[in-house]
Amino acid sequence: MSSSSVPALQVPAHIGIIMDGNGRWAQERKQLRTQGHLEGLKCAKRIVKAASDLGVRYLTLYVFSTENWKRAAEEVGFIMGLVKQYLKGELDFYRENRIRLRHTGDPAGLPPDISRELREALEETCSFEGMQVILALNYGGRDEIVRAVRRLTAAGLPPEAVTAETIRRNLDNPDIPDPDLIIRSGGDHRISNFLLWEGAYSEYYFSDTLWPDWTETDLADAVAAYQKRERRFGGVKP
Ligand code: IPE
Ligand code: IPE
Ligand code: MG
């Protein structure tokens with residue numbers, strides 16, 4: 001299905017993507033895992049453009065989890081280098097397409113140079129009214145909820161003030177609607193700590209295709225699958 005044949009009204013407003021399978025993509029080619037991350041970055045650019053062309057309003061990309069620090073220092077360093085390069089090098093693309101960059105995750109745990117580049121990219125794009133790309137970087141769903149509850153308790157709220165609504169309002173980006181569709185590439189069927197709170201009623205789409213092989217057609221297929229789902233949010237079909 002071509003992207004233009006997806007009816008605009010049914011396009012999910014917010015898509016989250018667990019971009020998984022970079023390492024296996026490289027290993028299958030007898031290359032270093034880092035080569036897979038390089039290809040994964042190229043793929044992310046392709047999918048950002050495709051999502052924007054489809055009319056998606058918010059796209060959350062799982063770039064680096066709070067658990068990914070467990071990996072070898074060389075791999076972590078390489079990914080951070082790519083992130084830095086991406087934040088610096090893609091600003092023209094964001095300007096042209098009026099795409100606004102956002103962040104979810106704990107900025108305090110990022111290396112200072114990355115956190116500076118990130119802050120600058122968020123500022124540079126903050127007035128753009130096109131699609132918003134939310135980079136989940138040093139992100140963990142449990143960590144986000146813990147940080148939200150800490151903000152509440154730091155504000156001195158009594159226990160009865162801790163509600164689903166006050167927690168929600170203290171998440172990283174409370175203005176952004178919950179994801180309608182969460183995609184995971186790479187063949188595994190798990191959440192890996194992605195958007196635990198926000199994904200409570202998301203539709204999930206799992207694809208065997210490794211992330212670097214994802215194309216516009218894979219995204220269109222995921223959206224087409226989403227359009228066939230019936231969302232009930234705990235209610236019953238009318
Ligand atoms: C996803 O690809 C990218 C990150 C987690 C940073 P992986 O690196 O997890 O690739 P696989 O799952 O090992 O193939
Ligand atoms: C999830 O993938 C994190 C990102 C895609 C950034 P992982 O590869 O870290 O997840 P697990 O370890 O397979 O659950
Ligand atoms: Mg993985």
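Both counts, for ligands and for their atoms, begin at 1 and track the order of listing. Residues: numbered from 1 along the sequence shown. Predicted model only: the values in this text are computed from it and were never measured.
- Taking every non-hydrogen atom of R190 and a distance limit under 4.0 Å, the qualifying atoms of ligand 2 come out as 11 (P), 13 (O), 14 (O).
- The shortest distance between side-chain heavy atoms of D143 and Y139 does not fall below 4.5 Å.
- L82 places a side-chain heavy atom less than 4.5 Å from the side chain of Q85.
- Sorted by chain and number, the heavy-atom contacts of ligand 1 below 4.0 Å come from M19, D20, G21, N22, G23, R24, R33, H37, V63, N68, R71, E75, I79.
- Salt bridge D113/R116: absent, no basic N to carboxylate O contact under 4.0 Å.
- Salt bridge absent: R102 and D172 never bring a charged side-chain N and a carboxylate O closer than 4.0 Å.
- In this model, a donor atom of one side chain and an acceptor atom of the other lie less than 3.5 Å apart for Y226 and R231.
- F128 places none of its side-chain heavy atoms less than 4.5 Å from the side chain of I99.
- Between R169 and E165, at least one side-chain N (NZ, or NE/NH1/NH2) sits under 4.0 Å from a carboxylate O, which counts as a salt bridge.
- When the N, O or S atoms of D20 are ranked by distance to the Mg ion (ligand 3), OD1 comes first.
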